[in-house]
Protein chains: 2
Amino acid sequence: MTKSKDDTIAARIGKALADRIIAGTLEPGSRLGQDHIAEEFGASHVPVREAFRRLEAQGLVVSEPRRGVRVASFSMADVKEVAEMRAALEVLALRHAAPHLTPAILDAAEEATRAGDKAGDVQAWEDANRNFHRLILNPCGMPRLLASIADLHMASARFLFSGWRAEWDAPTDRDHRAILDALRAGKLDVAASVLARHVQWVGRKPR
Amino acid sequence: MTKSKDDTIAARIGKALADRIIAGTLEPGSRLGQDHIAEEFGASHVPVREAFRRLEAQGLVVSEPRRGVRVASFSMADVKEVAEMRAALEVLALRHAAPHLTPAILDAAEEATRAGDKAGDVQAWEDANRNFHRLILNPCGMPRLLASIADLHMASARFLFSGWRAEWDAPTDRDHRAILDALRAGKLDVAASVLARHVQWVGRKPR
DNA sequence: CGGCGAGAAATTATAGATAATTTTGAATTT
DNA sequence: AAATTCAAAATTATCTATAATTTCTCGCCG
């Protein structure tokens, strides 16, 4: 029953590569040879090429016709761009999700925030962070919007894991609580503006 | 020199199919058999499958593993969702493009508006409309944002051509002029709010 | 008369093979 | 020594073939 998504080999390879790119295991700019990857996964290169197309659409790789595909590199400007897009779209999602937010959902989001506080490494913190955003935004019931946000979130996470930002501080988790408080108080505008600022935190220059 | 984009067969097929889906030649829900399409383009089904992946990422087709792909159908809710996403993202793009807008660009945008007025059919009007938006947004210099907007614009155009809206009235072109006036007067907030409203016009119920 | 299999036909997904293009590298020339 | 050319090697893109899955059809049974 856990086979509706990564059923095809292409989907499985695509997901595996995405994970590595986000985690930074595959470095920006590095070449992805289709035969090499096919061999590693014990498959032919056809599903590998199909996986490439999806990754390309997600902005995780760049492909030059007949010259191969490489892991997408990103600049500070790219990071800021993604952060601003997230701010715009997540605010939109929140405005539509708000009427459907139940106390149970808000409690779950608070629990996710606590998990983030207890996180020992960046990976665990990011998992909790993603969970928080997913919980409060999913009820908007706009699938295309949520898919776009998920892609942008991946790009943000890449940056977070890239070492540019070795530190991850408390302010974001304070933001989470401020968002929850505002939502509980019915102050949607406040929640939205905190969310917008919060999302762009990752786009700030480190060090 | 016109070969950096649709160089591969897969890209060419993808673009051709996208055009047909947007124009409505391929109806929502209709099945796309890989062999059938491959034969039509005088190719094998492998590049066809790669084209499918890109179309899937753009939301133009939906693919169920081992069950084929069909032209994505869309509901009124989908149209509204796309319109709201466009509003959010185009406003963001406009805010970043504004500082780089030159009189020459604004004149070109006005010319595009006139072309829209003179348009005899929906197709010509949509071409002019897309041109207007492209002209005033491209200078934002945010490639990922512009790519997302382009995808959303395709979805909007699909709706426009779908027959749900056989009429296309003047108000949009009045909006175009209001946006240009506001930009020329340096009233960015006004331009942004008119743009947001303008984009969502297509999401209104026809008849 | 309507559901229910079993087998056939059609279709998708993957593999293996081939053609075409780019990259590499060494020999040659200036 | 640097630049250039040209052939070999590597890699991508596509095609043809095969395996696996779904859909269809038709006869059978309730």
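Labels below follow one simple rule: chain letters A, B, ... track the order of the sequence lines, proteins then strands, and each chain is numbered from 1.
At whole-Å resolution of the value, CZ in A:Arg70 and C1' in C:dT23 are 12 Å apart. In this structure, B:Glu56 atom CD and C:dA13 atom P are separated by 10 Å, rounded to whole Å.
Open room surrounds CD on B:Glu39; 12 or fewer heavy atoms of other groups in view lie less than 6.0 Å from it. Around the CD atom of A:Glu111, the shell of radius 6.0 Å holds more than 12 heavy atoms that belong to other residues, nucleotides or ligands.
In this structure, CG on A:Leu26 lies 9.5 Å from CZ on A:Arg158, to the nearest 0.5 angstrom.
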What pairs of donor and acceptor atoms, side-chain ones from residues 90-98 of chain A against any protein atom, are under 3.5 angstrom apart with sequence neighbours left out?
| unit_1 | atom_1 | unit_2 | atom_2 | d |
| --- | --- | --- | --- | --- |
| A:Glu90 | OE1 | A:His133 | ND1 | 2.7 |
| A:Glu90 | OE2 | A:Arg86 | NE | 2.9 |
| A:Glu90 | OE2 | A:Arg86 | NH2 | 3.1 |
| A:Arg95 | NH2 | A:Asp189 | OD1 | 2.3 |
| A:His96 | NE2 | B:Glu84 | OE1 | 2.9 |
| A:His96 | NE2 | B:Glu84 | OE2 | 3.1 |

- prompt: Just by protein heavy atoms under 4.0 Å, how would nucleotides 11-17 of chain D read 5' to 3' in B, S and -?
  reply: SBBBBBB
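Salt bridge B:Arg144/A:Glu81: absent, no basic N to carboxylate O contact under 4.0 Å.
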